[in-house]
Amino acid sequence: MLRFSKLQMKREMKRLYPAPNPQRKEEFLREFPYFRASCMEIIRNQIGYIQKSIWIFSLLLVIGGVAVGDYLDTGSNYDKIWCMSGIMPLLAVLAVTETFRSSVYGMTELEMACKHNLSQVLLIRMGVLGGVDFLLSVFGVLWIVGQGTIGMVQAAVYLMVPWLSACIVAFQIEKYTRGRETVWYCTAWGCFLWGVHGIGSKLREMVYGEEKFYLWFIAFCICIVFFAKQIWQIYQETEEWRNGCGASI
């Protein structure tokens, strides 16, 4: 309630006492001598910012999932789906925690002071990490459908639902916690999903059966809506998001 009141007060102050429009703004920006980085240069900088251990851990997770799936292979794709979908929440947690790594070290304000818009930087970083996870997921989907008993769309939904659900909760954790607590909470959430998935190993034929796919597809659509809303909020309300007082999902 206190956070909500402060946010409402801040909005009312902005409405009652609007800042004057800057004079000669466009002329100043055109004549200001700053280095103009291209989009590709920003992407390369963000790739360099990402820790190499994230790439290594992500690759090892996928390799481990494939190895376990091949070891447990009984001629059914359910074993492979179970192994790959189990590591997807861990991949998501790695991506989210690395995206907001600056908040762990209290460097968010410094990033906000940079010449590049913080929301754009976060989304680029998130896009790079999400793109790598997407490529790893494509590899997992091709590996799953190798036996020809399940379609690519169905396999993709089975993998994306755990990834999206882990991202959604991890984003909320990043929104309302500070420092190293975010890493611990996100890691605990990813391990929880992985543990629940492991406990249900005996039920994989029932969970991934053809007759249950419509439930997975509904869950996929719901996750997409929530995930897109969170991305939009990060883009539009980055400062409020990082201050933990933005609108809740």
Original post:
Excluding sequence neighbours, so at least two apart, what forms side-chain contact (heavy atoms from CB on, under 4.5 Å) with Leu60?
Top reply: Ile56
Original post:
Which heavy-atom pair separates Ile173 from Tyr185 by the least distance, and what is that distance?
Top reply: CG2-CB, 3.5 Å
Original post:
Can you pull the side chain to side chain donor-acceptor pair (under 3.5 Å) pairs that have at least one residue in residues 126-135, sequence neighbours excluded?
Top reply: Asp133-Trp163
**OP:** Just jot down the ring-ring contact (aromatic ring centres under 6.0 Å, His included) partners of Phe57, sequence neighbours excluded, or say none.
**Re:** none
Original post:
Gly140 and Met84: which non-hydrogen atoms are nearest, and at how many Å?
Top reply: CA-CE, 3.7 Å
Original post:
Between Gly86 and Pro89, which heavy-atom pair has the shortest distance, and what is it?
Top reply: O-CD, 3.4 Å
Subject >> Ile218 vs Ile222 side-chain heavy atoms within contact, under 4.5 Å >> reply: yes
Original post:
Does the Glu98 side chain pair with the main chain of Gln51, one donor and one acceptor, at a distance under 3.5 Å?
Top reply: yes
Subject >> Pair Met126-Leu129, side chain to side chain contact (heavy atoms under 4.5 Å, CB included): steps then yes or no >> reply: CA-CA 5 Å; Met126 193 183 307; Leu129 291 162; 6.0 Å; no
Original post:
Sequence neighbours excluded, which residues qualify as ring-ring contact (aromatic ring centres under 6.0 Å, His included) partners of Phe213?
Top reply: Tyr158
Subject >> Cluster check Val141, Met160: I/L/V/M/F/W/Y, side chain < 4.5 angstrom >> reply: yes
Subject >> Shortest non-hydrogen contact between Glu174 and Thr97, atoms and distance >> reply: OE2-CA, 3.9 Å
**OP:** Under the side-chain contact (heavy atoms from CB on, under 4.5 Å) rule, collect the residues that match up with Cys83, sequence neighbours excluded.
**Re:** Val68, Leu72
Subject >> Heavy-atom closest contact (Ser137 atom, Leu159 atom, distance) >> reply: O-CD1, 3.9 Å
Original post:
Which residues satisfy the side-chain contact (heavy atoms from CB on, under 4.5 Å) test with Phe134, sequence neighbours excluded?
Top reply: Val138
Subject >> Donor-acceptor contact present, side-chain Ser58 to main-chain Trp55, <3.5 Å >> reply: no
